[in-house]
Amino acid sequence: MEIKNQTTVADFFLLGFSEHLRQQSLLFGLFLGMYLVTVLGNLFIILAIKFDLHLHNPMYFFLANLSFIETCFTCTITPKMLVNIQTQHHTISYTGCLVQMYFFMALVLLDDFLLAVIAYDRYVAICLPLHYSMIMQPQCCLLMVAASWLCSHLLAFPLTLLMAQFSFCASHSIPHFFCDPLSLLKLTCSDTHNFQVMMVIEAALSGVVPLTCVLVSYAHIIHTILKIPSAGGKHKVFSTCGSHLTVVTLFYGTLFLVYFQPSSSYSAKSGMVTSVIYTMVTPVLNPFIYSLRNRDMKGALWRFLSWGKCSTA
Ligand SMILES: *[C@@H]1O[C@H](CO)[C@@H](O)[C@H](O)[C@H]1NC(C)=O
């Protein structure tokens, strides 16, 4: 009775992995490990880029931004989920849920825009090398990053505002481990027509525009690479783009898997598994993909580590 009184009507329940009672400690350990590696790995990349003058160029500034976004992204989702698993207390306040949904959407969109900016940067570097320093001036880079931040928040805000007006009269149990917009949509008893129209328009805008930019950039890049006569030259160009292409594929691949299936066949279970991939697996892979595949980055990490050793000695 007392517990019932404590939870106000507005609270939601994140059911998440509560069915898997026996695996709770395993899941907790696994997710905690991934969370720590993500945060430390990405922070490491940001610091390595900041303190290494060799890496003070647009590509690495964008990578640092990407690492920063991935860090924010996991921080909006994983800590709450870890607490829920550990305490077996699945409530999240109504406001907390909306805030989490807002940042989730804004950061996914931001990731999306930034991947397009990185693709454009690679396009200029490889296809127009002589104009690179003229096109990618610091103000221009800053402008692109700022525009990405602005657009992603401008797109996430109205959806959150609409969601805030919905009433949740029946169940408050979200069969997910975070406040996923689609799962919330299934719970409401209000008319969701406007929301869905808005979501489709935004998904089309934020999907088509950046993805086109990525595809066109890479089509040009591949065309240019094929024209390079030496195998060594081809390999060098490809190794810098390969890591970005891997990240792009992971990002769009998982998003398409989750959000581009007919909503009637959207099952909470398979949705949750794919969500684990893009909320936890992709962010944890990013630092590895970039640092292990990239010689400059590896060098910077070593220099950063040995610099740490020198200054503590
Ligand atoms: C993000 O990119 C901008 C523009 O290149 C740069 O000035 C800024 O330092 C970057 N932010 C981070 C966290 O690295």
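Start at 1 and go down the list; that is how both ligands and their atoms are numbered. A quick note: this is a predicted structure, and the numbers were derived from the prediction, not measured.
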Expected rows: ligand 1 N/O, protein N/O, dist below 3.5 Å:
{"from": "ligand 1", "atom 1": "2 (O)", "to": "N65", "atom 2": "ND2", "distance (Å)": "2.2"}
{"from": "ligand 1", "atom 1": "11 (N)", "to": "N65", "atom 2": "OD1", "distance (Å)": "3.4"}
{"from": "ligand 1", "atom 1": "11 (N)", "to": "N65", "atom 2": "ND2", "distance (Å)": "3.3"}

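- Here the two rings, on F195 and F166, have centers that are under 6.0 Å apart.
- Note on residues 202-227: pairs passing side-chain hydrogen bond (donor to acceptor under 3.5 Å, both in side chains), not counting sequence neighbours, are Y218-H244.
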Using a 3.5 Å cut-off and no angle test, enumerate the donor-acceptor pairs between side-chain atoms of residues 110-117 and protein atoms at least two apart in sequence or in another chain.
{"from": "D112", "atom 1": "OD1", "to": "Y252", "atom 2": "OH", "distance (Å)": "2.5"}

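- Between H153 and Y102, the distance from one ring center to the other falls under 6.0 angstrom.
- Partners of C169 according to the disulfide (SG to SG under 2.5 Å) rule, which considers only residues two or more places apart in sequence or in another chain, are C189.
- Classified by interplanar angle (parallel below 30°, tilted 30° to 60°, perpendicular above 60°), the ring pair F104/F178 is tilted.
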